[in-house]
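Atoms within a ligand are numbered from 1 in the order they appear, just like the ligands themselves. Residues: numbered from 1 along the sequence shown.
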Amino acid sequence: MKQLLLSGFLALFLCISFQLQAAPEAAVAMPDSYSAQVSEQVLNSGGNAVDAAIAAQFVLAVTLPEAGNIGGGGFMTIYKGGETDFLDYREVAPKKAHKDMYLDKNGEVIPYLSLYGILSSGVPGTVDGMWQAHKKYGSKTWQSLLAPAIKLAQEGFIVHPALKSNINWRIDSFNSKGIKVNFAKYFSSAQTSKIFKQPELAETLKRISSHGRDGFYRGQTAKIISQFMKDNGGIINEHDLASYQSKWRKPIVKNWRDYTVITAPPPSSGGIAILQWLTMYDLVKGDKTYEHNSLEYMHSLAEIGKRVFADRAEYLGDPDFINVPVASLLDQNYLSQRAKEISLDKISISEQVAPGLEESRDTTHFSIVDKWGNAVSNTTTINYTFGSGVIVEGAGFILNDEMDDFSAKAGVANVFGALGGTANEIQPNKRMLSSMSPTILLKNNQVNMVTGSPGGTTIISSVYQSILNSIEFNMSAKSAVNTPRFHHQLWPKDVIEHYAGIEQATLSSLSGKGYTLKQREFGDLQLISTVNGKYQAASQQGNAHRGVALVIK
Ligand code: GLY
C-alpha cells in the first residue's frame, strides 16, 4: 500500500514537474478583450507570435480607435527562432512638409497646428509594416489575419465604457478649443454597451486583405486619401503613399545584469533612454538597498532622468537623416561619468544639465510570446488620443497627428513637454523622434520579459520601471504593472509626475527637496514576465483601462 502511494505520488510529481518544465505556454498582454481573444485564437490555431501581432494590430484599428490604427505607425521588436529583429513602421513627414510649417510669420508656433487637424499627420506606416512583418515571418495567410478585424468593423463590436468616456472627452475638448475636425461625425453615435459598426473602415480593410500593402498605398484607398487631402487643405499625396517604406533595423541589444535587453533603436529614443536609465541606476545605487518608491529611489531616478532627457533633446532623431551616437550614449564610461554628477542630497539645477557627450497621451502596446518561445513586443500609435481627430471620409480610418513629435521650433515643447533641436527638425520623408520602447528581455537565451506601454515620453519610465519592478523588486506581473510609477524628464523644471498611491511622507520629502509633484496616470503597461520559471501576463487594471492578459496553456 505504502509503495502504491509512493509510486502514485511519484507519478503525480513527475506529471506536475513535466508540466512545469515542458508544457509549452504562450501568453498575451493586450489593450482590450477583442485583441486578446483574436491573438489567443491565432496562437491556438498554430500561428506564431508575429501572426498574432498582425491580427491584433488590425483588430485594434477597429476596437481601440484612440490609438489602434491603420492611419498611424509603430515599432515591433521581435525575437524569433533565436534571432533578434526590429521593424520600424513609423510615419514619415510628407514630401511637402518643411521645417517651419507650423510657424507664423513672426516665427512663433501656431497653437495646435501640429497636433490636430489635417496638417498634423505623417504618412501612415502601419499597413506596410504589417505587410513586411507578414512577408518575413508570417505563417498564416494574410487574409485570415485580416478577417477578424473586417468582421468587427462590418458587424460591429460592443463599446466599452472607457471608450465612450474617451470619445466624450475628445469631442468636448475639440469644441472647447474651437478645433474643427470631423471626429464627432464618425464617433458620437457610439454608445456604451451597444454595437458600433464602421462600414467604411470595413471596406478599406477588405481592400487591404485583397491587395496587401497596395490595398492602402495605391489604388482606390490611396485615391480616397489624396482626394480628401486636396479637398481639405492637407499635403499627403498619392506619391507620398506609394513611396512609403517601413524599415527593418537592428534592435539595440545590450546586457544589463544577467539579462539581454532587446529594445528599440532610433528613430525611437526609448531603447537608448531605458538602457541609460537602468545602467545609471545600478551605478548610482552601488551597494545601497533602496525601498521601492522611497525618497532615495525616486530622487535617484529623477536625477538620472534629467540626464537621459538632456541627451534625448540634443542627439536623437531619424538615423537616416542624422548621425545618432548610439554607442557613445550607451558607453559604460560615459554613463559612469554622468552618474557621478548625481548627488543623493540635492536636485541638479535643470538649466545646468547639458547633453553629456563631448563633441497618450495615447498610443497602445501589446506583448506576445508563442509556444515556441518567440516573442513580439509591439507599440503602435496615432500619437495623441484619437490622433489628429480627422477621419478620412470614404475610407473610415483616423489619421495620426504624429507631426507633433517633431520639434516644431527648437526649445518649444510638444504635447508631451518634450524639447528638441535640429536633430529632430522637420524634413520631407524624415521620421519624427519617438519614445515608443517595445522591449524584450532574455535570460539564458530564453524570453524572460516582454514589456511596453503607451504614454508619450512617460513610456520610457513605464518600461524601465516595469523592468525594475520585476527584477529588482521581484514583483508578480500584476504588481509590476499596477504599482504606482513616476516620471521626470528635465523639463518642466523639477516636476515629478506620479501615480496615486506613493506614500505621502515620500511625496512631502520630495517636495521639501524642491520637486513639484503632479499626480496623473501614464498609460497601460502590457507585461509578460517570468516568475518561478513560468510566464505571468498582466495588463494595467482600473476604470480607464480595458486590457486583458492571458497565459495560454
Ligand atoms: N507618439 C508618441 C511617441 O511616438 O513617442
*asked:* If you apply the rule side-chain contact (heavy atoms from CB on, under 4.5 Å), what do you find for Ser377 with His365, and how did you get there?
replied: CA-CA 8 Å; Ser377 183; His365 176 87; 3.1 Å; yes

*Show the numbers, then the answer: is there a ring pair (Phe, Tyr, Trp, His ring centres under 6.0 Å) between Phe386 and Phe174?*
CA-CA 11 Å; Phe386 302 108; Phe174 282 145; 8.4 Å; no

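- Nearest protein neighbour of atom 5 (O) of ligand 1, counting heavy atoms only, is Ser435 N, 2.7 Å.
- Proximity of Asn182 to Val390: side-chain heavy atoms (C-beta onward) are separated by under 4.5 Å at one or more points.
- Within the 4.0 Å heavy-atom criterion, neither part of Thr457 lies near ligand 1.
- For the pair Lys247 and Asp88, the salt-bridge criterion is not met [side-chain N within less than 4.0 Å of a carboxylate O].
- Counting only heavy atoms from C-beta outward, the side chains of Thr458 and Phe416 never approach each other to under 4.5 Å.
- Within the structure, ligand 1 has Arg90 among the residues with a heavy atom less than 4.0 angstrom away.
- Here the heavy atom of the protein found nearest to atom 4 (O) of ligand 1 is Ser434 OG, 2.7 Å.
- For ligand 1, the atoms sitting less than 4.0 Å from at least one non-hydrogen atom of Met436 are 4 (O), 5 (O), numbered in the order shown with element in parentheses.
- The aromatic rings of Tyr116 and Tyr112 lie tilted to each other, with the angle between the two planes from 30° to 60°.
- The Asn383 neighbourhood of ligand 1 comprises atoms 1 (N), 2 (C), with distances under 4.0 Å to a heavy atom of that residue.
- Counting heavy atoms under 4.0 Å from ligand 1, residue Glu402 touches it through the side chain alone.
- Ligand 1 has no nitrogen or oxygen under 3.5 angstrom from a nitrogen or oxygen of Thr363.
- Of the charged side-chain nitrogens involved, at least one lies within less than 4.0 Å of a carboxylate oxygen, so that Arg90 and Glu402 count as a salt-bridged pair.
- For atom 3 (C) of ligand 1, the nearest protein heavy atom (residue, atom name, distance) is Asp405 OD2, 3.2 Å.
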